[in-house]
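What you see below is based on every heavy atom in this structure, not just the backbone, and it leaves out hydrogens, waters and symmetry mates. All values reported here derive from a predicted model rather than from experimental measurement.
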Amino acid sequence: MSAETQTAPTTPAKSMDDIMSLCKRRGFVFQASEIYGGINGFWDYGPLGAQLKKNLRDKWWRDMVMNPCAGDAGPNGAPVRNVALDTCIIQNPRVWEASGHVAGFNDPMVDCRESKARYRADHLLVLKPAGDHDGQMYAYVENDDAQRATALKKLSKYTKRDLGGADVESVSLVSLGDEALARIVGPDASEPGTLTAPRAFNLMFKTYIGATAGEDDVAYLRPETAQGIFLHFKNVVDTTRVKLPFGIAQTGKSFRNEVTPRNFTFRSREFEQMELEFFCHPEESRAWYEFWRDWRMHWWESVGLKGENLILREHDADELSHYSDATSDIEYRFPFTSPGFGELEGIAHRGCFDLNAHQEHSKQKLEYFDPTRGELAKNGQPKGERYLPHVIEPSAGLDRGVLAILCEAYTRDESRPSPEFMKLHPEMAPIKAAVFPLVNKDGMPEVASRLHAELFRRFGMLGAIETDAKQSIGKRYARMDEAGCPFCFTVDGQTQEDQTVTVRDRDSGGQERINIDAVPGFLSDKLGVG
Ligand code: GAP
């Protein structure tokens with residue numbers, strides 16, 4: 001899933017602790033059930049985070065459903081056509097048998113009998129002296145530099161050699177096999193042999209429908225929004241005028257009982273996806289795969305992620321599912337993966353795997369009849385062709401997108417009076433502007449209040465327009481900087497004389513004066529709205 005491609009970062013490292021602390025302090029993200037001590041793998045969004053998440057979801061909806069690809073033509077030269085669906089989280093459990101999730105949606109899990117900690121087996125690396133070695137080895141969780149350093153120290157002590165990072169190898173725990181377990185010391189253990197052999201753990205959350213709660217009543221919370229789309233492919237074709245090629249889009253919650261949720265919201269147990277299943281003729285599928293792969297990469301840049309922090313990673317042949325011709329991941333350089341990258345979105349060529357599986361399990365025909373294809377009849381018209389479409393799936397994580405935007409936006413500049421600020425793209429910013437009276441007297445609050453009402457009327461649909469008269473102006477600016485508000489307008493003593501206000505730019509901290517009547521025009525230019 002996530003790549004750890006090693007390339008040098010060009011931006012200074014940001015601290016996840018700093019980012020998480022700002023998120024909590026300013027109300028972007030809170031721990032779920034915080035007053036009860038939290039619950040591992042679940043996160044809630046505060047007022048600013050909820051609006052930021054909505055802004056990202058709305059942009060996806062605009063660019064994928066309402067005006068797909070901002071009007072760009074697809075590889076067939078025609079405008080891209082997508083429609084939307086909103087399907088249930090709980091479906092007939094046979095759906096998940098057909099999709100392969102009941103049998104195969106597993107992660108390998110390892111428990112430590114000594115520390116009671118649980119690990120993803122495929123995330124554990126084992127440190128040993130290079131070459132053959134039949135002594136003790138030390139496990140650590142990949143990308144955890146502190147754990148690796150501890151493992152190295154323990155290995156040096158055990159081998160009575162100062163290994164210092166040289167002549168050591170990190171090998172995957174899974175590659176070593178079960179017999180090596182007796183010689184491995186777990187990341188949180190003191191003795192070897194306390195890790196269990198990896199066991200398959202199904203990631204779907206189980207629940208029961210109705211009052212009996214017996215084995216016949218088992219149902220699952222969906223682990224992806226995609227399957228709801230495949231189930232209604234035929235209904236959409238039959239009830240709308242869509243013709244292939246076209247896509248069906250859906251956003252919504254998905255649930256995975258992750259073995260080791262971690263890295264803030266990156267791997268959560270409840271999260272939101274934004275998925276498109278794009279149906280096309282098999283012969284055109286490669287061109288559509290390449291189109292979506294490139295377009296989605298461009299889209300992530302348009303929400304404010306810097307190109308240098310994004311990579312497109314094509315999967316190697318041995319990473320592909322048996323039904324997939326090609327898959328690529330769009331990955332972002334998160335502070336906790338740096339210098340490597342973590343997955344934001346996968347673009348998969350799924351062939352006709354899903355429609356075929358549901359057709360076989362449900363015994364319902366899901367083929368598409370295309371009257372424009374097939375051999376020519378005597379009258380020179382095509383006879384038509386019946387086929388199962390191929391599917392290209394750009395599948396993005398909304399929460400991961402929000403996390404990437406928060407990480408990208410977080411900026412520290414010690415030369416500023418208040419060094420932390422959030423450089424959010426104006427389209428993503430939950431607060432679009434703030435209007436302040438410099439002081440709470442001399443007619444300034446009245447003028448500020450009129451300007452605030454005007455901006456609220458014009459731009460309130462896009463996000464919050466704040467006003468605030470408490471505390472010093474510096475403190476009010478600092479508050480807005482941390483919230484990522486791009487522009488603050490201040491009414492001061494000069495406003496009465498020449499009808500101008502100051503505009504403060506969040507990123508430079510610089511100010512200019514503009515006429516109060518020009519403020520709505522200034523803001524619509526900056527927010528890119530007409
Ligand atoms: N329908 C295909 C599918 O679900 P996936 O790669 O498993 O593919 C798609 O998931 C996206 O969903 C990922 O790229 C990621 O952004 C997001 N995602 C997956 N698991 C997640 C988790 N545990 N927490 C947060 N986001 C997750």
Side-chain angles (χ1 to χ4, degrees), residues 11 14 19-20 22-30 43-67 69-70 251 264-266 271-274 295-310 330-335 342 344-345 394 396-411 420-434 455-456 458-466 479-488 504-508 522-530:
T11 43
K14 299 181 186 184
I19 294 171
M20 287 168 72
L22 185 141
C23 282
K24 163 91 202 282
R25 197 169 66 246
R26 282 293 168 245
F28 281 101
V29 183
F30 300 132
W43 296 93
D44 293 335
Y45 290 86
L48 292 183
Q51 184 66 46
L52 168 59
K53 190 171 173 180
K54 181 178 183 307
N55 293 348
L56 186 59
R57 190 195 298 109
D58 285 354
K59 180 163 173 60
W60 187 90
W61 192 268
R62 264 196 315 277
D63 293 343
M64 299 296 276
V65 181
M66 291 163 76
N67 183 23
C69 308
T251 67
F264 203 15
T265 59
F266 182 81
F271 56 96
E272 198 165 333
Q273 291 184 308
M274 309 185 289
W295 207 85
R296 292 298 306 157
M297 182 75 177
H298 155 77
W299 188 83
W300 283 109
E301 287 184 42
S302 77
V303 301
L305 302 185
K306 281 206 200 90
E308 69 205 41
N309 289 331
L310 283 168
I330 296 173
E331 299 180 342
Y332 178 73
R333 184 186 279 121
F334 291 94
L344 265 186
E345 169 162 353
L398 176 55
D399 304 82
R400 282 199 192 168
V402 170
L403 181 59
I405 288 173
L406 288 168
C407 292
E408 181 84 49
Y410 180 85
T411 312
E420 285 177 299
F421 66 109
M422 294 297 270
K423 242 178 174 173
L424 290 168
H425 189 293
E427 212 182 327
M428 291 297 115
I431 303 176
K432 301 299 182 198
L455 296 187
F456 182 76
R458 299 270 297 266
F459 304 101
M461 290 299 287
L462 303 173
I465 307 292
E466 292 267 307
R479 230 186 128 71
M480 286 300 110
D481 284 352
E482 288 192 347
C485 168
F487 305 105
C488 294
R504 178 178 175 276
D505 179 86
R506 174 199 62 201
D507 300 344
S508 65
F522 173 93
L523 202 51
S524 52
D525 278 355
K526 297 290 184 184
L527 298 179
V529 288

Is there a donor-acceptor pair closer than 3.5 Å between any side-chain N or O of Lys14 and the backbone N or O of Tyr410?
yes
Item to complete: Take Glu466 and Met480 through the side chain to side chain contact (heavy atoms under 4.5 Å, CB included) test and state the conclusion after the steps.
Response: CA-CA 9 Å; Glu466 292 267 307; Met480 286 300 110; 3.9 Å; yes
dist Lys24:NZ -> Met20:CE (nearest 0.5 Å) comes out at 10.5 Å
Leu56 and Gly401 have their tightest heavy-atom pair at CD2-C, 3.7 Å
Using distance only, find each side-chain donor-acceptor pair of residues 425-433 under 3.5 Å and give its atom names and separation, not counting sequence neighbours.
residue: His425; atom: ND1; partner: Glu427; partner atom: N; Å: 3.0
residue: Glu427; atom: OE2; partner: Arg62; partner atom: NH2; Å: 2.9
residue: Lys432; atom: NZ; partner: Pro426; partner atom: O; Å: 2.8
residue: Lys432; atom: NZ; partner: Glu427; partner atom: O; Å: 3.0
residue: Lys432; atom: NZ; partner: Ala429; partner atom: O; Å: 2.7

What one should report as the nearest heavy-atom pair of Arg296 and Pro394 is CG-CB, 3.8 Å
(Q) Between Tyr332 and Phe334, is the ring pair (Phe, Tyr, Trp, His ring centres under 6.0 Å) condition met? List the steps. (A) CA-CA 6 Å; Tyr332 178 73; Phe334 291 94; 5.0 Å; yes
Here the gap from Ile330 atom CD1 to His298 atom NE2, rounded to the nearest 0.5 Å, amounts to 11.5 Å
Requested in this report: Please step through side chain to side chain contact (heavy atoms under 4.5 Å, CB included) for the pair Trp295 and Asp63, ending with a clear verdict.
Outcome: CA-CA 11 Å; Trp295 207 85; Asp63 293 343; 4.0 Å; yes
Of Arg506, Lys423, Arg504, the one forming a salt bridge (charged side-chain N to carboxylate O under 4.0 Å, His left out) with Asp481 is Arg504
To the nearest 0.5 Å, atom NZ of Lys54 lies from atom CG of Leu398 at 11.5 Å
For the backbone of Leu22 and the side chain of Glu482, can you confirm whether one donor and one acceptor N or O come within less than 3.5 Å of each other? no
- Query: Does some side-chain heavy atom of Leu52 sit less than 4.5 Å from a side-chain heavy atom of Ile405?
  - Reply: yes
Using atom types as modelled and distance alone, determine if a side-chain donor or acceptor of Trp43 lies under 3.5 Å from a backbone N or O of Phe264. yes
To the nearest 0.5 Å, atom NZ of Lys59 lies from atom CE of Met66 at 12.5 Å
Exercise. Decide, yes or no, whether a salt bridge links Arg26 with Glu420 under the criterion of side-chain N to carboxylate O below 4.0 Å.
Key: no
By side-chain contact (heavy atoms from CB on, under 4.5 Å), Phe522 pairs with (sequence neighbours left out) Phe487, Phe489, Val503, Glu512, Ile514, Lys526
So CG of Leu310 and CD of Glu331: to nearest 0.5 Å the spacing works out to 10.0 Å
Correct closest heavy-atom pair for Phe30 and Gly46 would be CE1-CA, 3.5 Å
Problem set entry | Non-hydrogen side-chain atoms of Leu406 and Thr265 separated by less than 4.5 Å | no
key: Lys/Arg N to Asp/Glu carboxylate O, Glu272 vs Lys53, below 4.0 Å   = yes
Note to self: Does Arg57 qualify as a cation-pi partner of Trp60, given the criterion of NZ or CZ under 6.0 Å from the six-membered ring centre and within 45 degrees of its axis?
What the structure shows: no
Residues Ser302 and Trp299: closest non-hydrogen pair is OG-O, 2.6 Å
Taking every heavy atom of Leu344 against every heavy atom of Ala404, the minimum-distance pair comes out as CD2-CB, 4.0 Å
One should read off an interatomic distance between Glu345 CD and Arg400 CZ, to the nearest 0.5 angstrom, of 11.5 Å
Nearest heavy-atom contact between Ala483 and Leu48 is CB-CD1, 3.6 Å
Item to complete: Please say whether more than 12 non-hydrogen atoms of neighbouring residues, nucleotides or ligands are located less than 6.0 Å from CZ in Phe459.
Response: yes
